[in-house]
Amino acid sequence: MNTMTLTQKTLTLTAGAAIALGGLVVGSNPALAGPLNPINDFGETQDDFGKGSGKDCQTVECSLQSELDFYTTDGPGINVYDFLSQQYFPTSSILSTLMFEIAGFKDYNRFGVYSKDDPTNLIEIFSGPDSGVLSKALTQKQMASLGSHFGFYLTNKNDKTFYTEHALNHKGNQHAVIYGGNNSTFNINGSEINFLPGDFIIAFEDLEEGRRYADWDYQDMVVHVRMASVPEPSLLLGLGAMAGSLFATRKRKRS
């Protein structure tokens with residue numbers, strides 16, 4: 001590809017929609033979405049099914065699309081071309097759930113949030129050894145140190161950090177695709193994740209342009225995020241309700 005910024009034809013999503021959840025009000029932020037320009041498509045993954053990093057693939061294609069399709073059990077699912085143009089978010093408490101990783105660096109990659117005003121101000125959420133369907137929460141108090149807006153980052157084994165804001169990356173490349181909640185349901189190794197309106201999925205590419213195995217497949221780390229703006233005294237109760245509704249472990253036989 002000549003550029004790693006994914007070009008979009010934009011359409012306006014419904015803005016300001018909100019849902020009541022466990023006593024919390026979770027609002028979706030205004031965002032733009034659209035299909036990729038065919039010139040700047042997703043790259044062909046270099047993860048080989050059943051080998052090396054490809055051992056974590058559930059499908060032979062080992063693509064972001066095929067893996068999300070495999071895990072989808074209800075709802076419309078995700079078309080990977082329908083990503084959002086949104087690159088940062090207004091500060092709120094968040095609950096992040098590690099969905100899956102397909103990467104040679106998966107045991108080293110670190111994921112977290114950064115301040116839009118100061119991208120060196122980072123709060124780590126998931127460290128390299130974290131794996132499986134794992135959820136961690138950051139409170140409003142923790143997030144307040146980032147200022148009014150924040151984005152997500154991934155730091156790889158080589159201590160190279162990539163941001164959801166394209167301009168902060170090498171050559172302005174797009175290292176993350178972001179999807180908005182659409183009432184789909186995923187079942188990952190028995191853990192059910194409800195992808196509600198106002199939720200986001202962040203999918204990262206963990207190598208910079210020019211590096212060997214930089215394939216722009218965006219399935220190196222995939223994280224579900226739920227956001228909530230709530231008064232601090234009710235935060236712990238609210239996050240507990242969020243976690244309960246986010247995923248319930250079930251033994252479900254896939255048909």
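Values below: all heavy atoms of this structure, side chains included; hydrogens, waters and symmetry mates excluded.
- Ring-centre distance between Y71 and F100: below the 6.0 Å cut-off.
- Side-chain atoms of S115 and N121 include no donor-acceptor pair closer than 3.5 Å.
- Considering only heavy atoms from C-beta on, S145 comes within 4.5 Å of I123 through its side chain.
- Between T164 and G151 the shortest heavy-atom distance is OG1-CA, 3.6 Å.
- Atom CZ in F49 sits 8.0 Å away from atom SG in C62 (nearest 0.5 Å).
- The shortest heavy-atom contact between V177 and Q174 is CG1-NE2, 3.7 Å.
- Side-chain contact between K160 and F162: present, with at least one pair of heavy atoms (C-beta onward) separated by less than 4.5 Å.
- Annotation for E124: atom CD counts as buried by contact number, over 12 foreign heavy atoms lying within 6.0 Å.
- Side chain of N109 to backbone of L154: no donor-acceptor contact under 3.5 angstrom is found.
- No side-chain heavy atom of S93 sits less than 4.5 Å from a side-chain heavy atom of L138.
- Under the 4.5 Å side-chain criterion, counting only non-hydrogen atoms from C-beta, M227 is in contact with F200.
- Proximity of a side-chain donor or acceptor of Q86 to a complementary backbone N or O of Y88 within less than 3.5 Å is detected.
- A 4.5 Å side-chain heavy-atom check between V225 and V223 finds at least one atom pair inside the cut-off.
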**Message:** Run V133 and T97 through side chain to side chain contact (heavy atoms under 4.5 Å, CB included) and show every step you take.
**Reply:** CA-CA 6 Å; V133 183; T97 300; 3.8 Å; yes
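- Checked against M221 for a side-chain contact (heavy atoms from CB on, under 4.5 Å), the options D206, I102, L98 give a single hit: L98.
- Of all non-hydrogen atoms in M99 and I201, the two that sit nearest each other are SD-CD1, 3.9 Å.
- Atom-to-atom distance recorded for N173:CG and L207:CG is 12.0 Å, nearest 0.5 angstrom.
- For the pair F89 and I178, the minimum side-chain heavy-atom distance is below 4.5 Å.
- A tilted orientation is assigned to the rings of W216 and Y218, their planes being inclined by 30° to 60°.
- Q219 places no side-chain N or O within 3.5 Å of a backbone atom of S63 that could act as its donor or acceptor partner.
- If you take CD on E208 and CG on N158, they are separated by 8.5 Å, rounding to the nearest 0.5 Å.
- Closest of all the heavy-atom pairs between L95 and S135 is CD1-CB, 4.3 Å.
- Using a 4.5 Å heavy-atom threshold, the side chains of T185 and I193 count as separate.
- For the residue pair D118 and T120, a side-chain donor N or O sits within less than 3.5 Å of a side-chain acceptor on the partner.
- Here the CD1 atom belonging to I78 is positioned 5.0 Å from the CG atom belonging to L68, to the nearest 0.5 angstrom.
- Expressed to the nearest 0.5 Å, how far OG of S184 lies from OH of Y179 amounts to 12.5 Å.
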**Asked** Taking it one step at a time, do L196 and R226 satisfy side chain to side chain contact (heavy atoms under 4.5 Å, CB included)?
**Response** CA-CA 8 Å; L196 302 175; R226 181 159 294 168; 3.3 Å; yes
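- By the 30° and 60° cut-offs, the orientation of the rings of F111 relative to F152 is parallel.
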**Message:** Could you walk me through whether D217 and L64 satisfy the side chain to side chain contact (heavy atoms under 4.5 Å, CB included) test, starting with their C-alpha distance in whole Å, then the side-chain angles of each, then the deciding distance to 0.1 Å, before giving a yes or no?
**Reply:** CA-CA 7 Å; D217 53 11; L64 178 61; over 6 Å; no
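- The hydrophobic cluster containing Y163, built from Ile/Leu/Val/Met/Phe/Trp/Tyr side-chain heavy atoms closer than 4.5 Å, also comprises Y114, L122, Y153, L168.
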**Message:** Test side chain to side chain contact (heavy atoms under 4.5 Å, CB included) on F126 and L134; report intermediate values, then the result.
**Reply:** CA-CA 9 Å; F126 298 120; L134 176 66; 4.1 Å; yes
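- Looking at K106 and D56, a side-chain N of the basic residue comes within less than 4.0 Å of a carboxylate O on the acidic one, giving a salt bridge.
- Checked by atom type, the side-chain pair D199/H224 shows a donor-acceptor distance below 3.5 Å.
- Rounding to the nearest 0.5 Å places NE2 of H166 at 10.0 Å from NE2 of H175.
- Residue N169 comes nearest to T161 through the heavy atom pair OD1-O, 4.3 Å, listed as atom of the first residue, atom of the second, then distance.
- Pairing each heavy atom of M143 with each of S92, the nearest pair is CG-O, 3.2 Å.
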**Message:** Let's go through E67 and T59 carefully: what are the C-alpha distance in whole Å and the side-chain angles of both, what is the deciding distance for side-chain hydrogen bond (donor to acceptor under 3.5 Å, both in side chains) to 0.1 Å, and is it a yes or a no?
**Reply:** CA-CA 6 Å; E67 296 297 298; T59 62; 2.6 Å; yes
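- By the salt bridge (charged side-chain N to carboxylate O under 4.0 Å, His left out) test, K136 pairs with D130, sequence neighbours left out.
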